[in-house]
Amino acid sequence: MTKIILRKGREESLRRFHPWVFSGAVAQIVGQPAEGDLVAVYAADGTFLACGHYQIGSIAVRVLSFDSDVLAPDFWEVMLSRALQVRRSAGLFGSAQTNCFRLVHGEGDNLPGLIIDWYAGVAVLQAHSVGMFRCKKQIADALKKVFGDALLAVYDKSSGTAPFKAGLDLVDGYLYRSEAFRDGEREVLENGNRFLVDWTEGQKTGFFLDQRENRALVAKHAAGRQVLNLFCYTGGFSIYALAAGAAHVDSVDSSAKAMSMVDKNVALNGFTPEQHTSFCADAIEFLRKVPEGKYDLIIVDPPAFAKHRGALNNALRAYQRLNAAAISRVAPGGLVFTFSCSQVVDKEAFALAVFSAAAQTRRSVRILDRLNQPADHAVNIYHPEGEYLKGLLLYVE
Ligand code: SAH
């Protein structure tokens, strides 16, 4: 097996169980690993540290084990069982109200580069590394063992996430389909609300599972309110608000496909067109034209404005502009639920952008709650970079 030998003193982060080896820490590579190969990492003094998937780029190795330089034959089964146990203990697997959740959250589940979302029996897999992409068949086999008959299908949706390399067959498709499986949109339940999920055509793995608890919080505050849901995707927040008795909900997204799913989800949950209006529009343009005071609950959940550090300053300015527009227009005594899912924008930086936005409007703003990602989007304590979703619930006087 290829050996990666680190520079002197560069083993400290691995000793603290951080799961990445940066290429700058590597002194020597003994062997000629192909990208995605399992390699063993050693300190300069020859001590074994970890094994993991080799990568070409700024991260050279993503660690799979700190204990052994080989993966046991049942490695995937054991790791997936542990991930499932976390979701079971969080009350997600086996719940009568919720049958969709994130089963594997990369480093958060000690499986760097792997995302698996569970949609009522269908596991949608996204490899973010060549190593995980090359293991997808083994992962699908392990899913069958862990879930048994409860597993209807495994869909690989890595074409947009696996780093492209010649020789990789980057075509999305099913890795497994049981006899009971029927293709097409699938209906899932989240906190008792019904949603259609289309993992083949939809964004990410099909649904934003990370907003489940924040949607429930919106529901707590939505009764009787005029709600505006900006960047609504398939209408997650909208359906919860309607179910909680909102007076009316307007949903806005620039994706026509997403808006047609919103309409289907509104109907699926038994709401009428009088209760809900869809707008396929740019959310920022839409907000600019909103009369002040029209809405008393506004949700702002934009896509990641910064995908890398270089984009940080522009992203912070964009968050500030967007939040100033929302805060200035919400009715007196109204609420703004505002989010950022940019990993490089930490919660302090985001709070500062929202603070600047509030100051710009000169309104009195109280922070009622600080919001984050739920338990199934687990954060490994040794890998704080796994924390990405943050939000604030604001009361605007
Ligand atoms: N709140 C959603 C998830 C939002 S993801 C939920 O609970 O499911 C971000 C969404 O913003 C995507 O649906 C994307 O289509 C949309 N989007 C991106 N840029 C936009 C823009 N300028 N105006 C409106 N929508 C936009």
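In each ligand, atom 1 is the first atom listed, and ligand 1 is the first ligand listed.
Cluster membership for Leu394 and Val330, using ILVMFWY side-chain heavy atoms within less than 4.5 angstrom, is shared.
Taking the six-membered ring for Trp and thresholds of 30 and 60 degrees, Phe305 and Tyr319 have ring planes inclined between 30 and 60 degrees apart.
Sparse packing is recorded around CD of Gln32, with 12 or fewer heavy atoms of other residues, nucleotides or ligands lying under 6.0 Å away.
Asn214 and Gln211 share a donor-acceptor pair across their side chains, judged by distance under 3.5 Å alone.
Near ligand 1, Gln203, Phe208, Arg215, Phe231, Cys232, Tyr233, Phe237, Asp253, Ser254, Ser255, Ala281, Asp282, Ala283, Asp301, Pro303 each place a heavy atom less than 4.0 angstrom from the ligand.
Remark: Asp156 engages Lys136 in a salt bridge, criterion side-chain N to carboxylate O under 4.0 Å. Taking a cutoff of 4.0 Å between a charged side-chain nitrogen and a carboxylate oxygen, Arg215 and Glu190 qualify as a salt bridge.
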